[in-house]
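Quick note: numbers below take in every heavy atom, side chains included, and nothing from hydrogens, waters or symmetry partners. Quick caveat: nothing in here was measured; it's all calculated off a predicted structure. In each ligand, atom 1 is the first atom listed, and ligand 1 is the first ligand listed.
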Amino acid sequence: MAAIAPLPEATVRLLAAGEVIDSPAAVVRELVENSLDAGADRIRVGLWPELWRVQIQDNGFGIEASELAMAAHAHATSKLRTLSDLWQLRTLGFRGEGLHSIAVVAQLEIVSATGASPTALRARYDHTGALQSLEAVAGAPGTVVTASELFDEQPVRRRFLADHKAQARLVAQLLQRYALAHPGHLFELAHDGRKVLQLPPAANLKQRILQILTQYDEHDLREVTLAHQSRSVRLVMGLPDRCSRARADWLQIYVNRRFVRHSELEQAVRTGFERTLRRGRHPLCIVQLELPAEEVDWNRHPAKLEVQLAATPQVAALVIAAIAEGLRHFAPKPSEGLLSAAEDWLPYRTGDQESGLLLRALIQMQRTYIVAEYPGGICLVEQHVAHERVLFEQLETSWELVAVDPPIAIDLSERQAANLREQGLAIEPFGARNWLVRSIPAALVERSDCLEALVELSRQEDSHEMRAALSCRTAIRNGTVLTPAQMQELLERWQRTKNPHTCPHGRPIYMPLTDGELARFFRRRWHICGS
Ligand code: ADP
Ligand code: MG
């Protein structure tokens, strides 16, 4: 083994810088964050991957002449003064490493003008971050930072980053995240001088998402805001019957306007969508949290991609509650143009749409499906699963037990008896494997299959499963004839449930057919006939 010797200073600098700046995307990250911290709301990024050059232009408050000399020094920042500030962070940057690290691995140039001065200043830095030259130039208020000859002295890094298209994609993805965190700002990306991403200011997060995901429209998404104590969440989610993704690329968590990876919160989103999506599909859900600065530890990851929260379980509960709110209400998608025509002849108006009660029962089909209409289409509702959902949610809120006299004698194992007892049923031994049940769920009273139902319930290991089993057993069977009044009542009760999309086992409850789909179908047919 060789003797231990300290590394040369330049090498130490390069190693440290390499942790912060490992790609063109990392340069963009550091510079865009500086622009946002400088209050900019117009941010334009230029990327020349083959030239190893990145430029960011902003309309922020600029850098004073006296500050330019310090800007690229190691650990020089205007954002953090004392250690205790670390627990009150309001800025994206705070380590004073961004510009320094870029200077170490690239040629760094800053052109900046504050509102106060009539001209701009151009500063150039050497690889130690020291100011090399400073001159007055023409320039509008704001800052343009250029990093060129990136990784000039690190051929190995350049080799790893050889796929320029992939680099550009990463930068675009990164900018989209900042754009989602700041829907009201303008973001642009030019690749080799050609604009590849153009996001003008959007009215809100939902509109921003639609700027990027142009295949969806407003009716596919739902926005929910929810606050508890000093924490709040705003999320925009895709309705599970309309949007889902093959990958989890649109399941994104933001904390205080910064994109983060947080496995517990990502899991909370999945839990919120449990039993609403087909197997293997991922939800579209952008979760933006506003948390008190002192509950967030940013100082855990060089790119601040990971974060530690002081109250993860409470925040997760808030996220799950917000998703539950978003899933509520049956929400068929009205098709424009045809909607107003439909409303003209329907006996109710848009007011009903707000209460979420839209459906009018027309007929029963095959003694199984209720054919219903709503302003904008028709819909088939499977009577059994819809009723099952209604009963299940009733049982979740009130698990009512009633005494039975005489008691019911039943043959159960110890385990089965214990399962029933855990759910509050009064049950006592009555000889070997024989039990006397003295109280049962109210839903089973006067049912001829009460005994079989109790045996089935006793096999369920948790309260959720037991309620699902009881609602399945007691829901109207398919094959049962329903009167128009019964159909209407069922539709109304089902539409008031918390999750009208799926039954407790994840089966879909309704199938809508919108006016638009009908029109498209028949128009297509017409073309075929005409040709
Ligand atoms: P940090 O962002 O952690 O403070 P940086 O090295 O990224 O460290 O930036 C150093 C300082 O330079 C910042 O604290 C800020 O005062 C100033 N600065 C950098 N970029 C800009 C910009 N685009 N507009 C205004 N000031 C900037
Ligand atoms: Mg910074």
Report task. Please determine if H100 has a nitrogen or oxygen closer than 3.5 Å to a nitrogen or oxygen of ligand 1. Result -> no
Report task. Report, as yes or no, whether the 6.0 Å neighbourhood of atom CZ on R234 holds more than 12 heavy atoms from other residues, nucleotides or ligands. Result -> no
Query raised in the report: Do any N/O atoms on T77 end up under 3.5 angstrom from N/O atoms on ligand 1?
Result: yes
Requested in this report: Determine whether the aromatic ring centres of H262 and Y254 lie less than 6.0 Å apart.
Outcome: no
**Report entry** Identity and separation of the nearest protein heavy atom to atom 10 (C) of ligand 1
**Finding:** A76 O, 3.5 Å
Requested in this report: Do me a favour and list the nearest non-hydrogen protein atom to atom 16 (O) of ligand 1 with residue, atom name and distance?
Outcome: S78 OG, 2.5 Å
Query raised in the report: So does R231 pair up with E295, basic N to acidic O under 4.0 Å?
Result: yes
Query raised in the report: How far does CG of L327 sit from CG of L239, to the nearest 0.5 angstrom?
Result: 7.5 Å
Query raised in the report: Side chain, backbone, both or neither: which part of D58 comes within less than 4.0 Å of ligand 1 when only heavy atoms are counted?
Result: side chain
Query - Heavy-atom nearest neighbour in the protein, as seen from atom 2 (O) of ligand 1, with distance rounded to 0.1 Å - result: K79 NZ, 2.7 Å
Query raised in the report: How are the rings of F187 and H182 set to each other: parallel, tilted or perpendicular (split at 30° and 60°)?
Result: tilted
Report summary line: Quick note on ligand 1: atoms under 4.0 Å from a heavy atom of G98 include exactly 5 (P), 6 (O), 7 (O)
Report task. Within a distance under 4.0 Å of any heavy atom of T143, pick out the atoms of ligand 1 and give their elements. Result -> 22 (C), 23 (N), 24 (N)
Requested in this report: May I ask you to check whether T77 brings an N, O or S atom to under 2.8 Å from the Mg ion (ligand 2)?
Outcome: no
Query raised in the report: Out of G142, A38, G96, whose heavy atom is nearest to atom 25 (C) of ligand 1?
Result: A38
Query - Ion pair check, R29 and E33, cut-off under 4.0 Å - result: no
Query raised in the report: Hey, does G62 sit under 4.0 Å from ligand 1 if you only count heavy atoms?
Result: yes
Query raised in the report: Counting distance only, does the side-chain N/O of R222 pair as donor-acceptor with the main-chain N or O of G326 below 3.5 Å?
Result: yes
Query raised in the report: Does a side-chain N-to-carboxylate-O contact under 4.0 Å join R270 and E266?
Result: no
Query raised in the report: By number and element, which atoms of ligand 1 are closer than 4.0 Å to a non-hydrogen atom of I63?
Result: 18 (N), 21 (C), 25 (C), 26 (N), 27 (C)
Query raised in the report: Which of the atoms of ligand 1 are close to L99, meaning less than 4.0 Å from one of its heavy atoms?
Result: 5 (P), 6 (O), 7 (O), 9 (O), 12 (O), 19 (C)
Report task. Determine whether more than 12 heavy atoms belonging to other residues, nucleotides or ligands lie under 6.0 Å from atom CZ of R42. Result -> no
